[in-house]
Amino acid sequence: MLNTTWIRTIKLGFKSLMLHKLRSALTALGILFGVSSVIAMLSIGEGASFEAQEKIKALGSNNILLESRKPPEKENQQSQGTSFSAQEYGLTYDDAIAIAETLPAVEVVVPIRSIPKRVRFGSRVVNAQVMGTVPTFAAVTGTRLAHGRFLSRVDLERKRNVAVLGAELARKLFPLTDPIGKPIRIGAESFRVIGELAPPGGANDASASATATGAVFVPLSAARSFFGELTVKVSSGSREFERVQLHRIQVRVDDPGNVLDTSTALRALMRKRHKEIDYAVEVPLELLRRAEEIKRTFNIVLGSIAGISLLVGGIGIMNVMLATVTERTREIGIRRALGARRGHIVAQFLVETVVLSCLGGLLGILLGIAIPGLVEYWTSQKTIVRPVFAALAFGISAGVGIVFGLYPAWRAAQMDPVEALRHE
Amino acid sequence: MVTAEPDSNETLVRFEGVERHYRMGENLVRALDGVDLEIRRGEYWSIMGRSGSGKSTLLNVLGCLDRPTGGRYLLGGTDVGGLEDDELSSIRGLRIGFIFQSFNLIPQLTVLENLEVPLFYQRVSPREAAERAVYFAGKVGLEGRLHHKPNELSGGQQQRVAIARAMMNDPLILLADEATGNLDSNTETEILALLDELHEEGKTIVMVTHAEKVAARAERMLVLKDGRVEKVVENPGRGPARC
């Protein structure tokens, strides 16, 4: 019985709204834009932070990264034209040993040399980054192999000239054939391919593959003896000589709980060992925390903007409903004379507003799902629409209907029936 | 709430010194100023008086749209003065049938839907409401117009719908406020004949009018002046009524 009463009240609401189609549509539009902007903003925010978090996670939340950086003073010196002295800076082999030996929570230390070289197979030549590293690299970065094997301890000890190709590099050099066992030339040296990395599979497997996919991995010892430590950069007519032992050191800590303490100790250790800040320490876990904070702020800001548009929509609804109530004063009087209680009148107008805002809300959900799709299509900015956003937005639109419909409905119900009947 | 159905010939309405005063700026307006009245089941009353004499206020109080500010109003044994707003709504919905001068149909609803409105608030099932609506539409001769909107009907037809609507809840008392005031004389005659018919079927009717010819149809005529009862005329149609 109660249900049929509500159904009939809702039907009545629809009917009244259909009396003024344009007015109702324009009013619902306010809610439509509000709801769709809530969903779109949340989805875009969520997508952006998801991407950032995935990138950070790919670095490994147990990891601490050290990178060589050219100290700024040396850059100045460079521009003054002392072009033939080699600059020496950055991380050293001793750093790697010191980190492994002095920091108790450190599980694995992976030193990496990174040298740009031409890689050639037959007539194909590709510019690639040669990564001299150790066997533990694969485990620490979560790199997976498609074929063959990764570098081994024996490769390292014997300075074997073997190479593991990144997926993209493998595809460029060996578009048709299996690269395993094939001879390639890196710079002037010849190497033998022993493995090929798996292409990054899906968003979760951004695992160092962003850099690894176009790289070729060789034993660190081999890289050191074949390519030396001197790199030459030719830029705008002048030559730059640089002596960098290690470009990166990747440190794995035994437990995520120890990461922050270890990073503090590591920074202290590095400050002691280096006079200049010719390195950078990156702690993915810290970045992750920061990214989460940024996301929170981002969501609050976006949410508030969207909330304001919903508020405006709600005020629009209230405005229209107040006009409707005045316009239908007579009807209210008639209904009261025929036995409607105040509650009936409140229900009638409230249902009307809620129907209006829910209709706007439903259409807004559709638009709100479409917008992130278009954004992703045009800007390749990742977006994530979660069902909870739609539910939230719909809930808000129904809520807006109730909140902003309550006052007009209450005004309608408070009318004196005699006065209302006299209204022209 | 509302007491059991009274027996026939019982007093339906008893006014004991009913007052309806209200403030208008500085002045106290005595729209009703001590009215005594007793209406029995099945009677047909007309209420006359000049404009401002309190006729409409009397009808509003009778119909529980307005509450007396003094005195006592018993409707079917219930003291209306002490009731809450919701209880007054219930009484209007269950016991009162209103017929207005300007018909007061809801414009966006069809004839059928207009007829169903009073039952909607009494939680009568849609099917039963529809059946009764069809029955009463037939009774006032509008069975062919069920799905028309009020603005597609003539004034007389609209007033017929309004009468049918007033009958939907089988009210104790029908209150008509200048029911023929907006109609031409032919239509007026038809509408009055319809009211006569309802009266013959036993309905209690109270009709406010300023036309003596109309008032003469009633069994008793109450003449109001300045919020007080000037006189009650028995069978006004038989002799010349003097106001």
Check your understanding: Around atom CD of E84(B), are there more than 12 heavy atoms of other residues, nucleotides or ligands at under 6.0 Å?
Key ->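 Incorrect, the count does not exceed 12.
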Practice item. Return the minimal non-hydrogen interatomic distance between L65(B) and P417(A), and the atom names on each side. Key: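 Closest pair (atom of L65(B), atom of P417(A), distance): CD2-CB, 3.5 Å.
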Check your understanding: Within residues 10-28 of chain A, which positions have a heavy-atom distance to chain B below 4.5 Å?
Key ->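 So the qualifying residues are L12(A), K15(A), S16(A), L19(A).
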**Study point:** Sidechain-backbone polar pair: R92(B) side chain, R336(A) backbone, donor-acceptor under 3.5 Å
**Key:**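 A pair under 3.5 Å: yes.
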Review point. Can you tell me if S89(B) uses its side chain to pair, donor with acceptor, with the backbone of A340(A) under 3.5 Å?
Key: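 Yes: the side chain of S89(B) pairs with the backbone of A340(A).
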Practice item. Measure E419(A) against the heavy atoms of chain B and call it side chain, backbone, both or neither at under 4.5 Å. Key: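 Nothing of E419(A), per the 4.5 Å heavy-atom cut-off to chain B.
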Check your understanding: Between R328(A) and chain B, which part of the residue has a heavy atom less than 4.5 Å away: side chain, backbone, both or neither?
Key ->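 Contact with chain B involves the side chain of R328(A) alone.
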Are [X] and [Y] close enough that some pair of their side-chain heavy atoms sits under 4.5 Å apart?
| X | Y | answer |
| --- | --- | --- |
| Y121(B) | R341(A) | no |
| T9(A) | F120(B) | yes |
| I334(A) | R165(B) | yes |

Check your understanding: Given a strict heavy-atom distance threshold of 4.5 Å, which part of N60(B) is in contact with chain A: side chain, backbone, both, or neither?
Key ->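 Contact with chain A is through the side chain of N60(B) alone.
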Check your understanding: Within residues 96-114 of chain B, which positions have a heavy-atom distance to chain A below 4.5 Å?
Key ->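 Expected list: F98(B), F100(B), S102(B), N104(B), L105(B), I106(B), Q108(B), L109(B), E113(B).
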Point to revise | Between L88(B), N169(B), D85(B), the one whose heavy-atom pairs under 4.5 Å with chain A are most numerous | key: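 With the most close heavy-atom pairs to chain A, the winner is D85(B).
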